[in-house]
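Note on naming: letters A, B, ... go to the chains in the order of the sequence lines (proteins, then strands), and numbering restarts at 1 for each one. This is a predicted model, so every value here is computed, not measured.
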Number of protein chains: 2
Amino acid sequence: MFNSKGVSNVSIRMISRELGISHSNLIYHFKDKNTLIEALHQQILEAALSLNESINKEENTLKVLFTNIDKGFEIIYDYRFFMIDLNLIMRENARLYSKFLEIEELRFIMYKKKIDELIAEKILKPETHNNEYDKVIKQIRVISDYWLSSAQIYDANENPEQIIKSYSSLLKHLFFPYLTKTGHQLFCELTTR
Amino acid sequence: MFNSKGVSNVSIRMISRELGISHSNLIYHFKDKNTLIEALHQQILEAALSLNESINKEENTLKVLFTNIDKGFEIIYDYRFFMIDLNLIMRENARLYSKFLEIEELRFIMYKKKIDELIAEKILKPETHNNEYDKVIKQIRVISDYWLSSAQIYDANENPEQIIKSYSSLLKHLFFPYLTKTGHQLFCELTTR
DNA sequence: ATTAATTTAGTACATTTGGTCTAAAATACA
DNA sequence: TGTATTTTAGACCAAATGTACTAAATTAAT
């Protein structure tokens, strides 16, 4: 219901009606919409965690990064309301907000580390300007946070698989112009298959 | 009120209270929140139009493009609710939705033309892959549509000028790795000043 | 100055919502 | 089996919202 109607258009009472239970019952388990959303967020985190464990870290750095992106996109798609109504949710749930910021910080550090690795492996070009890649990471952040919003507006008629594929491709292509020759070749191998 | 509280948290009655008029009076002029938002959108369009007229087209292509971005960001900042609640608004206003899609199409064409010009002027590198720049334009679209949402979450404590500057810089840097040597030099001249 | 049109305010109503309280039903447990 | 705990439902309430209708006030026009 959150995914299709948007968080602001779904009330506790509507959810309980859909579930066929009384609204008091739903409130008994989740005292309001915010705690319900927190529980759903916990589900997202757990899915992301088990994803992280399942990834084979023996593969090359770029491949690990890209499968991480692909799988991450798949997971969040099922909870797309969370990203589409992100600002609404963050505005009205301080606890979730600070938790989200913490996770974002980790994500930033992870990308920074990965990029350093990729530079060391001569897959990415070294920085020519100061903090050049920091900008790239911020670009990544905006697209990671809002690709689902963008898809809702511009790709309403596409199917989920296509949407996920096209936007994860969009994200990966942020690296594209920074690739070395060998990086370029690897990129092509990873993305055409 | 839309900017600070979010569209969904502001009612016709709250607006009329703030204005010191009766809610029936407000409804007399704008029959509901949607038509009110449409009117505000019209204001945005008019501001954008007069911006377009004011820009000196004698300057070089990149400079025209970049001042366009800067000024555009400044304009939309005043109506940031529109971008932050974009999906909510589009979901609930079919007319505005189709109008928005039309404008987006124009924006896409404009960028395509500009990029072709910049390639011809040897400021941007020619495409090495098929539709490579189409991806860039889509990246531009996501950031253009959602930089204000991102800023609301990650830069809540920054002042407007800094926010506008940092995110317009983020957008411009999408072009950065595609610049030729001369393009690079021009870019630096335009962005450091 | 009188009339017509526009603008404004007030009231009333049905609906929805979040919340609280109480009691019944179901379940677990000893 | 009897008791305690957990779960569920129902009723109730105050607040807010959109909407519709009526009448007064203001403005414009002849």
Checklist entry - Whole-Å distance between C/dT8 C1' and B/Ile15 CD1? => result 17 Å
Tabulate below the donor-acceptor pairs under 3.5 Å that side-chain atoms of residues 18-29 of chain B make, not counting sequence neighbours, or state none.
residue: B/Ser22; atom: OG; partner: B/Asn25; partner atom: N; Å: 3.2

Item to check | side-chain N/O B/Asn25 vs C/dT7 OP1/OP2, d < 4.0 Å | outcome: no
Item to check | Partners meeting ring pair (Phe, Tyr, Trp, His ring centres under 6.0 Å) with B/Phe73 (sequence neighbours left out) | outcome: B/Trp147
Checklist entry - Going by distance alone, is a donor N or O of one side chain under 3.5 Å from an acceptor N or O of the other, for B/Glu132 and B/Thr128? => result yes
Item to check | Range on DNA chain D touched by chain A - first to last nucleotide, heavy-atom distance under 4.0 Å | outcome: D/dT6 to D/dC12
Polar atoms only, N or O, under 3.5 Å: list the protein pairs with nucleotides 18-20 of chain C and their distances.
residue: C/dG18; atom: N7; partner: A/Arg13; partner atom: NH1; Å: 2.3
residue: C/dG18; atom: O6; partner: A/Arg13; partner atom: NH1; Å: 3.4
residue: C/dG19; atom: O6; partner: A/Arg13; partner atom: NH2; Å: 3.4
residue: C/dG19; atom: O6; partner: A/His23; partner atom: NE2; Å: 3.1

Checklist entry - Do we get A/Arg91 above A/Tyr97's six-membered ring, with its NZ or CZ under 6.0 Å from the centre and within 45° of the axis? => result no
Item to check | Cation over ring face, A/Lys172 and A/Phe187, 6.0 Å, 45° | outcome: no
Checklist entry - Can you name the ring pair (Phe, Tyr, Trp, His ring centres under 6.0 Å) partners of B/Phe81, sequence neighbours left out? => result B/Phe2
Checklist entry - Can you tell me how far P of C/dT17 sits from NZ of A/Lys5, to the nearest Å? => result 11 Å
Checklist entry - Can you pull the ring pair (Phe, Tyr, Trp, His ring centres under 6.0 Å) pairs that have at least one residue in residues 106-140 of chain A, sequence neighbours excluded? => result A/His129-B/Phe176, A/His129-B/His184, A/Tyr133-A/Tyr178
Next on the checklist: Show, in sequence, the C-alpha distance, side-chain angles and deciding distance for B/Arg107 and B/Asp145, and conclude whether the salt bridge (charged side-chain N to carboxylate O under 4.0 Å, His left out) test is met.
Outcome noted: CA-CA 12 Å; B/Arg107 195 164 61 162; B/Asp145 285 350; 2.9 Å; yes
Item to check | Whole-Å gap separating P (C/dT7) and CG (B/Leu26) | outcome: 14 Å
